[in-house]
Amino acid sequence: MKYITHVETNKRTPFWTLLRYIRYAASSLCLSVLGKTGKKQKKYTVAVCAIFKNEGIFLKEWLEYHLLIGVEHFYLYNNFSEDNYQEILTPYIEKGQVTLTEWPVQFGQLPAYEDCFQKTKDETQWIAYIDLDEFICLRHELDIREWIKKYSKYPTVYVNWKQFGTSGRLQHDNNQPVIEQYTACWPYLSNSGKSFVNTNYTFRKFECHLFYPEIRFSGIKTTILPVNEFKKFIHYWIMRSPRKGESEIQINHYYNRSYAQYIYKTQQRGDACSANSQKVRETQGTFERNESRNTARDYTIQRFLLLLKLRMQQ
């Protein structure tokens, strides 16, 4: 499989390649000895954790879509929103589908992730850490709970982004779903993505994309690398897949939506993760470079479109 480099890495020299394979072998050994499949049945199989700011016009579609594919609960962290998010979320809170936390913390994404893990690890088996502009896209399965069954012994499953651009839209149409409006995308998966975290393991450090559990092996503190959908360990943003493998899942990342949304996110809303992430977002030429890579169309997620529209009418 081909991947487009979204996160650059200089770890491809013979020395770093050797080190990578040592880490792969060490992770495999640790997993074979310490792998935890989890015998205790938890309340939820798959839940989502997300932090948001002024995403009111997108909340309902995002929630209904993920409920449609089997996500059972959402742990949402409001980060300085000034829109009608409360009105939209109230029905979901009353149904027990959403837990809302007010989180007025600048660059509060990673602290929110840690807070979510510590508070909910005993009631959900897997936590998907994604954003409101990201949709889990199953290519064949209909239910995320069925897809994730085969990864029960792994600490972290990393799912690659499929990057979607503006599809030439200056303004977002509030009457049309995101997954219907935006189909222009990069031709291959990105080496960046997001993670499903297995709560049977202990995590001390939380990041936006990759998560590493902390374990002790023969008295030595170490970590186990994440695996991708092919159960291959990954390190230094270098992807691994069967030569003729076919992806079964992707994270559709509608990173700008319309041009107007890009301007708002970059110049007004800001980044929830870090000052450095915001600086990267503002770098001159980033938008144009990303937009020019949209040379393909991907309609895979639209196999759920009609069912999503029916849910949104209820």
Side-chain angles (χ1 to χ4, degrees), residues 1-35 107 109-110 113-114 117 126-131 134 136 151 153-163 186-198 201-217 220-251 253 255 271 273-281 283 286 289-290 293:
M1 284 182 57
K2 292 183 179 180
Y3 295 91
I4 295 178
T5 298
H6 183 253
V7 180
E8 298 290 341
T9 178
N10 59 358
K11 303 291 195 301
R12 296 181 182 274
T13 63
F15 170 77
W16 287 109
T17 299
L18 175 62
L19 187 60
R20 274 204 329 274
Y21 277 89
I22 292 173
R23 288 297 310 277
Y24 297 156
S27 290
S28 181
L29 178 61
C30 290
L31 198 60
S32 66
V33 175
L34 302 173
F107 303 126
Q109 186 168 4
L110 302 188
Y113 282 4
E114 182 174 7
F117 182 86
W126 291 93
I127 303 174
Y129 288 96
I130 62 175
D131 296 331
E134 296 168 337
I136 300 165
Y151 302 98
K153 73 175 183 178
Y154 296 99
T156 308
V157 182
Y158 181 78
V159 179
N160 295 88
W161 272 344
K162 189 67 170 289
Q163 299 276 60
W186 294 11
Y188 306 109
L189 296 178
S190 163
N191 71 333
S192 190
K194 289 297 180 70
S195 294
F196 288 79
V197 169
N198 185 341
Y201 290 85
T202 299
F203 293 82
R204 303 293 186 193
K205 184 178 180 182
F206 290 79
E207 301 182 11
C208 289
H209 300 271
L210 295 165
F211 295 76
Y212 302 87
E214 182 181 288
I215 64 167
R216 283 193 174 274
F217 185 75
I220 300 173
K221 185 187 294 185
T222 185
T223 59
I224 299 177
L225 296 176
V227 297
N228 62 12
E229 61 174 302
F230 302 107
K231 299 182 180 178
K232 291 184 176 292
F233 295 106
I234 54 174
H235 201 24
Y236 301 130
W237 302 99
I238 296 173
M239 298 299 107
R240 305 167 69 211
S241 65
R243 186 167 298 178
K244 295 184 179 180
E246 180 187 357
S247 177
E248 296 180 350
I249 190 171
Q250 63 195 35
I251 302 283
H253 186 202
Y255 57 90
D271 195 278
C273 186
S274 67
N276 184 63
S277 295
Q278 178 61 26
K279 184 177 180 180
V280 171
R281 189 188 295 271
T283 301
T286 298
R289 182 171 60 255
N290 288 340
R293 285 176 162 178

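At distances below 3.5 Å, at least one donor-acceptor pair connects side-chain atoms of Arg20 with backbone N or O atoms of Lys11. The backbone N or O of Leu29 lies less than 3.5 Å from a partner atom in the side chain of Ser32, making a donor-acceptor pair. Put simply, the side chain of Thr9 never gets that close to the backbone of Trp237: no donor and acceptor are under 3.5 Å apart. At least one donor-acceptor pair under 3.5 Å links the side chain of Arg240 to the backbone N or O of Phe233. Of the possible polar contacts, none joining the Tyr158 side chain to the Leu210 backbone as a donor-acceptor pair under 3.5 Å is found. Side chain of Asn198 to backbone of Lys153: no donor-acceptor contact under 3.5 angstrom is found. Under a 3.5 Å cut-off, the side chain of Asn191 and the backbone N or O of Tyr3 do not form any donor-acceptor pair. A distance-only check finds a donor-acceptor pair linking the side chain of Glu229 to the backbone of Glu248 [under 3.5 Å]. Put simply, the side chain of Ser247 gets close to the backbone of Ile249: a donor and an acceptor are under 3.5 Å apart. In this structure a side-chain-to-backbone donor-acceptor pair under 3.5 Å is missing from Asn160 to Gln250.
With rounding to the nearest 0.5 angstrom, the CZ atom of Phe117 is 11.5 Å from the OH atom of Tyr201. To the nearest 0.5 angstrom, Ile4 atom CD1 is 8.5 Å from Lys162 atom NZ. Atom CD1 of residue Ile215 and atom CD1 of residue Ile220 lie 10.5 Å apart, to the nearest 0.5 angstrom. Atoms CG and NZ, on Asp131 and Lys194 in that order, are 3.5 Å from each other to the nearest 0.5 Å. Summarising the geometry, atom NE2 belonging to His235 is positioned 7.5 Å from atom OG1 belonging to Thr223; distances are rounded to the nearest 0.5 Å. Met1 contributes atom CE, which lies 4.5 Å from atom CG of Leu189 (distance to the nearest 0.5 angstrom).
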Q: Test side-chain contact (heavy atoms from CB on, under 4.5 Å) on Leu225 and Tyr212 and set out the steps.
A: CA-CA 6 Å; Leu225 296 176; Tyr212 302 87; 3.8 Å; yes
Q) Is there a side-chain contact (heavy atoms from CB on, under 4.5 Å) between Asn290 and Trp186 once you walk through the steps? A) CA-CA 9 Å; Asn290 288 340; Trp186 294 11; 3.5 Å; yes
Q: Give the C-alpha distance, both sets of side-chain angles, the deciding distance and a yes or no for side-chain contact (heavy atoms from CB on, under 4.5 Å) between Ile251 and Ile136.
A: CA-CA 5 Å; Ile251 302 283; Ile136 300 165; 3.9 Å; yes
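By the 4.5 Å heavy-atom criterion applied to side chains, Leu31 and Pro155 are counted as neighbours.
By the ring-ring contact (aromatic ring centres under 6.0 Å, His included) test, Trp161 is found to be paired with His6, His209, His253, residues two or more places apart in sequence or in another chain being considered.
In this structure, Lys205 places its NZ atom where only 12 or fewer heavy-atom neighbours from other residues, nucleotides or ligands lie under 6.0 Å away.
When all heavy atoms are compared, the tightest approach of Glu207 to Tyr113 is O-CD2, 3.7 Å.
Using cut-offs of 30° and 60° for the angle between ring planes, the Phe203 and Phe206 rings count as tilted.
Ring to ring, Tyr129 and Phe211 are close: their centroids are under 6.0 angstrom apart.
By the 6.0 Å and 45° rule, Arg23 does not stack over the aromatic ring of Tyr236.
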